[in-house]
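Here is the structure we will look at.
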Amino acid sequence: MRYTNIETALAGARALLQQKDIEQPRLDAEVLLAHVLGCSRAALYAGAHRRLEPGQLQHYNRLVQKRAQGHPVAYLVGHKEFMGLDFTVTPAVLIPRPDTELLVETAVHLLSKRAGGRPLMVDVGTGSGAIAVSTAHLVPTLRVLAVDISAPALEVAQKNARTHAVDDRVVFLKGSLLEPVMERLNGEPVDIIAANLPYVPSGDIPGLSREVRREPLLALDGGPDGLDLYRQLIPQAQKLIKPGGHLLLEIGPGQGETALNLLNNWQAKLYRDLGGRERLIAAEKR
Ligand SMILES: C[S@@+](CC[C@H](N)C(=O)[O-])C[C@H]1O[C@@H](n2cnc3c(N)ncnc32)[C@H](O)[C@@H]1O
């Protein structure tokens, strides 16, 4: 009787994904099968001739078909690594990007220079909670207020805070930009405001890859030049941040000069990512 083993299942999936122009057919075929079998990718090679149960094969075929239609791998397996931590992701949240690790590293560096106390950070547009949760994980004295306009995103972020045991120090608030924070803080100044808000120019959305277009539009569209939400955020942040505190804004390539011009009352610096692309503005309040 014919049956499918790991090797033949992978070969079939690779061929289909390649035919559908998926960028990394081999890697994706392996990640999806490792997810179905609950093992590592290395274990797939060690057991290449292991027979798949009919239920496992059916589950795998379903995931491979979805991947072939452009569903991102992270949504299919339900998680994504960020700053070395495992984050739950669903289609309600943007999949955390390695590009955003520069913002977290900068926040941790700035917080490490502050003497004593229990610093306060705000993460605006928290999505999966990637920034809030990883920064709180790395800075054990940190308190974080994390805001999102999307209730389903906040549910995912809360789950991630529990998984990484920072839920006693990260408070999630629903609302737009810094409005819910202003209501809650009662005048206590903030050390750092971090924002990875939507910054894709509206006109660029149709040209994004089919994978990215499956992420929430609310997490992507930043208006005509991509900087609409930052224009609204900066005057709000000016009121909340203490002198010498910082505003960190993730931006996209080509937005550095315009973003710096929005911050001419601040001492602002542009950072590039490892690929040399404009990626982050760190602005100190004078
Ligand atoms: C680009 S995603 C970033 C998610 C996460 N911070 C990360 O780095 O992976 C932007 C997030 O901002 C949220 N958002 C959009 N408009 C907002 C607003 N006016 N106020 C608060 N959050 C907003 C979206 O729901 C989305 O979760």
Side-chain angles (χ1 to χ4, degrees), residues 72 74-75 79-108 121-138 144-161 164 166 170-184 192-202 204-205 208-209 211-223 226-237 240 247-253 255 259 273 279-281:
Y75 288 158
H79 56 98
K80 173 79 184 173
E81 191 197 300
F82 179 79
M83 292 299 294
L85 300 175
D86 188 55
F87 281 84
T88 290
V89 294
T90 73
V93 299
L94 186 97
I95 300 164
R97 307 290 205 268
D99 302 328
T100 304
E101 296 189 345
L102 176 63
L103 187 154
V104 174
E105 286 158 6
T106 307
V108 171
M121 178 171 115
V122 177
D123 173 23
V124 198
T126 195
S128 64
I131 295 171
V133 170
S134 58
T135 314
H137 174 79
L138 290 165
V144 186
L145 296 176
V147 184
D148 208 289
I149 203 162
S150 153
L154 285 171
E155 276 175 35
V156 176
Q158 252 151 354
K159 178 166 190 238
N160 284 319
H164 297 296
V166 295
V170 184
V171 173
F172 293 96
L173 304 170
K174 183 178 177 304
S176 183
L177 302 176
L178 294 172
E179 282 164 17
V181 177
M182 290 182 200
E183 281 167 23
R184 188 176 175 100
I192 290 190
I193 296 180
N196 178 16
L197 284 163
Y199 57 72
V200 179
S202 308
D204 292 357
I205 303 274
L208 295 173
S209 72
E211 279 82 1
V212 178
R213 279 187 281 115
R214 287 192 181 268
E215 297 186 78
L217 189 60
L218 190 59
L220 298 170
D221 192 344
L227 297 172
D228 266 9
L229 286 163
Y230 289 145
R231 280 192 186 84
Q232 295 171 47
L233 177 74
I234 291 167
Q236 294 183 357
L240 288 186
L247 175 61
L248 303 180
L249 306 177
E250 181 168 313
I251 56 164
Q255 294 178 330
D273 61 23
R279 185 58 66 194
L280 178 71
I281 303 277

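First listed ligand is number 1; within each ligand, the first listed atom is number 1. Predicted model only: the values in this text are computed from it and were never measured. All residue numbers in this chain count up from 1 along the given sequence.
- Summary of contacts: the protein heavy atom closest to atom 12 (O) of ligand 1 is Gly125 CA, 3.3 Å.
- Remark: ligand 1 atoms within the under-4.0 Å shell around heavy atoms of Thr100 are 8 (O).
- Val156 has its side chain out of reach of Lys159: every pair of non-hydrogen atoms, C-beta onward, lies at least 4.5 Å apart.
- Residue contacts with ligand 1, taken as heavy atom pairs separated by less than 4.0 Å, involve Ile131 solely via side-chain atoms from C-beta onward.
- By the 30° and 60° cut-offs, the orientation of the rings of His137 relative to His164 is perpendicular.
- Looking at Leu103, Ile149, Leu218 and measuring to atom 22 (N) of ligand 1, the nearest heavy atom belongs to Ile149.
- At least one donor-acceptor pair under 3.5 Å links the side chain of Tyr230 to the backbone N or O of Ala195.
- Considering every non-hydrogen atom in both Val89 and Pro96, the closest pair reads CG1-CD, 3.6 Å.
- Looking at Val93 and Phe87, their side chains never come closer than 4.5 Å, going by heavy atoms from C-beta outward.
- With respect to atom 1 (C) of ligand 1, the closest heavy atom belonging to the protein is Ala219 O, 3.0 Å.
- In this structure, Ala132 has no heavy atom closer than 4.0 Å to ligand 1.
- Ranking protein heavy atoms by distance to atom 25 (O) of ligand 1, first place goes to Asp148 OD1, 2.6 Å.
- Considering both main-chain and side-chain atoms, Arg97 never comes within under 3.5 Å of ligand 1 through any nitrogen or oxygen pair.
- Taking a 6.0 Å sphere around CZ of Arg213, one finds it holds more than 12 heavy atoms contributed by other residues, nucleotides or ligands.
- For Arg97 and Glu215, the salt-bridge test passes: some basic side-chain N is under 4.0 Å from an acidic carboxylate O.
- With 3.5 Å as the limit, one finds no donor-acceptor pair spanning the side chains of Thr126 and Asp148.
- When Asn196, Leu154, Leu177, Leu229 are ranked by how near their heavy atoms come to atom 10 (C) of ligand 1, first place goes to Asn196.
- On a distance-only criterion, Ser176 and ligand 1 share at least one N/O pair closer than 3.5 Å.
- Summary of contacts: the protein heavy atom closest to atom 5 (C) of ligand 1 is Thr126 O, 3.3 Å.
- Residue Gly175 approaches ligand 1 through these ligand atoms, each under 4.0 Å from one of its heavy atoms: 20 (N), 21 (C).
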